[in-house]
Every structure is written in structure tokens, then in C-alpha cells.
Amino acid sequence: MAKRNLRAIPTHIRKKLHALPKDDVVVACVKRLRIEELARYAPLGISYSPPDLQLPSPTVPSASVGRYSKTNVEGLEVIRRDLPKYTKTRFMEVPSWRGRRTHTVAINQDVYHRNFIPPKELELAIELLERPSPDLFSIKFEIKQTLSKSSPDFDTDLLYNLNLLQENVGSVDVFASSATLADYTRTVQLDWEILPPGDLAEVLRRVLEKKRDATADDRRAMEERLAVFAKFSPTAYLTGTSGFVRYFGAQFRDDLVVFENINYGNALYVMTDNWQELSKRSRIDLLKGPKEGFERIEHRKGWDVQLQGVLQKLGVAPTNLFDRKRPRR
């Protein structure tokens, strides 16, 4: 479940922190998972034995998951290269000349100072919030530490906890420490319907159900683009609901989605960590703002090759991408 680490506090987290009226916050996220997705979270102690979901007690994540998980368990030794070296004397036993005995020698060596940061041993708590349907679960993942926005170490501690959650769960968010069940469940009221991977004709039919005004050209373009997406073995397909009915796309990881809008079919968008928020922004807002968290690929000749390059850079490999005719623009 390990994911790439965050180098800085994400912009959407900064904005949410600013909007939270309370000083005390926790790092947590909520995921809506289907039964077939639960196996990916087995290393965290989650299991499903029909009809019940089994969740572990709060526990320290395994040190093997990633850099921050390891530091959380083992601590961290920091080499102080910003300080001048000092002379350290080490003593060693060496063989005596022409004899069977040994003697002690002192060796002086200039070395850097080292600081040891002890392990935090922060626990990950997992809680079932609701079960909207028999095969769907809303689950909260929380790092068990309350952080104060007024603390001088807040940014450092926040980034650490975000990375700990990111490594183990693949998603990040923040909430007031006093957040209610409704506050958490509200974050999973997504504007997307998630369709399992399967027969493309069935996926297309489901996508078109909510797009009754789609033209023959729209249908053809969607069919061709879904066929390209299928070459990369997505874990799910997405179709918009409510105000997002013209959007459709494919999901490859929790933090990696490709989506399009058939009204503005000249480009697709590859979105990463914050895709659920980014996808709510208009095309104009996306293009005029900072190009963070997404890549835009225009539907010009070779757009599928461009998509292949972007997805491969993000760790997704295609299967027989070129065993077909190129899709129409």
C-alpha cells in the first residue's frame, strides 16, 4: 500500500486547515471501499468474512511499509553536516607483533555530530463509519495524534503524519479533532459512480445511462477512449453524477485517475493525489490556476502514446497498447 511521499503539505490541506474553526486537528481520511477492494488493505489487518467486516485495534503500522513508517518504529539518526566535525576516539583490539596476544590501540577520527530522533510509535486507527450497501463500506483511517495549529512544530508534525497515512492508506485529509460522524461521512459523498472493470460494452452502457443527450459522435469518442483506457488495466471506471454527468474516466490507483468531459472533448486530464477536489473545478479554472496535481493531454495525433508515457512515469504499464488501430481524434 506504500505510496510516494509528500514533499510539502498539499494545497488542498492548507485550504481546509484555514477553513477549520478549531485549533486542534487530526490527520485522517475516509475511503468508500467495495468488497473486492478490501484485500488490498489486508496488511493493515482488515479482513472480510461474510457477512461481517473485521477491523484491527489501533496499532503501529509496520516499519516495512515506507520511510515514515520505519522512522515511526525505529526512530531516525540525523547526521549534522551543518556543524563542524569533532574528533572521536575509537578503541580497537589488534594482534600484538609476533605474538598471540592482543593490545588496545586508540584511533582518532574526525566525524560529524549525530542526533537521534526517537520513534513516535504513532498508531493507525481504523473504524467502520457506515455500510451504504451490502458490498460497500465507508471506512475511516486516522493517525492517533492530536495536533495544534498554534504549535511551532505544527507544519513538521503535520507533514510527518500526512506521510505516515499516505504510505499506509494512499490518501490524506485533515479534520477537526472534534469532528462528528457526519463530518467524516460527508467527505465520501462523491460526485462519481464507480463501476467495476469488465466488459467495455457494459461499461459504456452504464456511462451513457446518465448522458441521454449524447450524440453518435459522443458515443463513438467515448467508446474509443474507453478502449484505450482498458489497455492500461484500470481498477475501476468512473462516471459522473449530479452536476458531473458529462464526465467519465478510469481509475488506476486510489491516487491516479484519468477523466474526460464529452462537452470539451479536446483533452483528457491525468489527476493524482487530490483528484476528487481537482475534478470539481471547471476546465477554465484548471488551466488558469497552478498546474499542480494533473497533466493535460490534448486529443491530437499520438495522444494515446502521450498518455502511455505519463502513466508509465506514474508506475502504470500498458498491455499491448499498439495491437489495434489508432483511435480517431
Between atom [atom1] of [X] and atom [atom2] of [Y], what is the distance when rounded to the nearest 0.5 Å?
X      : Y      : atom1 : atom2 : value
Gln306 : Arg296 : CD    : CZ    : 13.0 Å
Asp157 : Ser151 : CG    : OG    : 6.0 Å
Met222 : Arg220 : CE    : CZ    : 13.0 Å
Phe232 : Phe252 : CZ    : CZ    : 7.0 Å
Ser138 : Lys31  : OG    : NZ    : 12.5 Å
Lys140 : Leu181 : NZ    : CG    : 8.5 Å

Legend entry - Parallel, tilted or perpendicular, as decided by the 30° and 60° cut-offs, for the rings of Phe248 and Phe229: tilted
Could you list the residues that satisfy side-chain hydrogen bond (donor to acceptor under 3.5 Å, both in side chains) with [X], not counting sequence neighbours?
X     : value
Ser62 : Ser64
Thr87 : Asp110
Asp24 : none

Legend entry - Glu298/Trp303 under side chain to side chain contact (heavy atoms under 4.5 Å, CB included): CA gap, chis, key distance, verdict: CA-CA 7 Å; Glu298 292 190 24; Trp303 68 269; over 6 Å; no
Inset, instruction - Walk me through it: do Val316 and Val310 pass the test side chain to side chain contact (heavy atoms under 4.5 Å, CB included)? - result: CA-CA 9 Å; Val316 176; Val310 172; over 6 Å; no
Please examine the side chains of [Y] and [X], heavy atoms only from C-beta on, and report whether any two atoms are closer than 4.5 Å.
X      : Y      : value
Cys29  : Leu165 : yes
Asn5   : Tyr68  : yes
Asp173 : Val30  : no
Arg67  : Lys70  : no
Leu44  : Phe141 : yes
Ile46  : Leu33  : no
Thr71  : Tyr160 : yes
Gln251 : Pro234 : no

Which side-chain N or O atoms in residues 72-81 pair as donor and acceptor under 3.5 Å with protein atoms at least two apart or in another chain?
unit_1 : atom_1 : unit_2 : atom_2 : d
Asn72  : OD1    : Glu121 : N      : 3.0
Asn72  : OD1    : Leu122 : N      : 2.8
Asn72  : ND2    : Leu122 : O      : 3.1
Glu77  : OE1    : Arg114 : NH1    : 2.9
Arg80  : NE     : Asp82  : OD1    : 2.9
Arg80  : NH2    : Asp82  : OD2    : 2.8

Inset, instruction - Answer yes or no for Lys16 and Phe175: cation-pi contact, defined as NZ/CZ to six-membered ring centre under 6.0 Å and angle to ring axis within 45°. - result: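 Yes, a cation-pi geometry holds between Lys16 and Phe175.
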Inset, instruction - Answer yes or no on whether Lys85 is positioned over the face of Tyr112, meaning its NZ or CZ is under 6.0 Å from the six-membered ring centre and within 45° of the axis. - result: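 Satisfied, under 6.0 Å and within 45°.
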Inset, instruction - Decide yes or no on salt bridge (Lys or Arg N to Asp or Glu O under 4.0 Å) for Arg32 and Glu130, but give the supporting numbers first. - result: CA-CA 9 Å; Arg32 181 163 287 181; Glu130 61 177 353; 3.1 Å; yes
Inset, instruction - Apply side chain to side chain donor-acceptor pair (under 3.5 Å) to the pair Glu123 and Thr59, showing each step before the final yes or no. - result: CA-CA 5 Å; Glu123 293 181 328; Thr59 186; over 6 Å; no
Legend entry - Chi angles and distances behind the side chain to side chain contact (heavy atoms under 4.5 Å, CB included) call for Val27, Leu158: CA-CA 8 Å; Val27 170; Leu158 174 63; 3.6 Å; yes
Legend entry - Steps toward side chain to side chain contact (heavy atoms under 4.5 Å, CB included) verdict (Val94, Thr102): CA-CA 5 Å; Val94 298; Thr102 62; over 6 Å; no
Measure across [X] and [Y] and return the closest heavy-atom pair with its distance rounded to 0.1 Å.
X      : Y      : answer
Thr235 : Arg253 : OG1-N, 4.4 Å
Pro51  : Arg131 : O-NH1, 2.7 Å
Ile126 : Pro56  : CD1-CG, 3.9 Å

Inset, instruction - For Arg14, check salt bridge (Lys or Arg N to Asp or Glu O under 4.0 Å) against everything at least two apart and list the hits. - result: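 Applying salt bridge (Lys or Arg N to Asp or Glu O under 4.0 Å) to Arg14 gives Asp155.
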Legend entry - Residue list, salt bridge (Lys or Arg N to Asp or Glu O under 4.0 Å) with Glu223, at least two apart or on another chain: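 Salt bridge (Lys or Arg N to Asp or Glu O under 4.0 Å) list for Glu223, sorted by chain: empty.
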Residues in side chain to side chain contact (heavy atoms under 4.5 Å, CB included) with [X], at least two apart?
X      : answer
Ala125 : Pro58, Lys144
Ile35  : Tyr48, Asp135, Phe137
Leu159 : Leu6, Ile9, Asn163
Asp52  : Gln54

Inset, instruction - Kindly give the cluster partners of Tyr86, where membership spreads through any ILVMFWY side chain lying under 4.5 Å from a current member. - result: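 Same cluster as Tyr86: Val111.
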Inset, instruction - Could you list who else is in Leu136's hydrophobic cluster, with ILVMFWY side chains joined at under 4.5 Å, directly or through other members? - result: none
Inset, instruction - Check the hydrophobic clustering (I, L, V, M, F, W, Y; side-chain heavy atoms under 4.5 Å; chains of links allowed) and say if Val26 and Val60 are grouped together. - result: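 As far as the 4.5 Å side-chain criterion goes, Val60 and Val26 are not connected within one cluster.
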Legend entry - Cluster overlap Leu17 with Leu164, hydrophobic side-chain contacts below 4.5 Å: yes
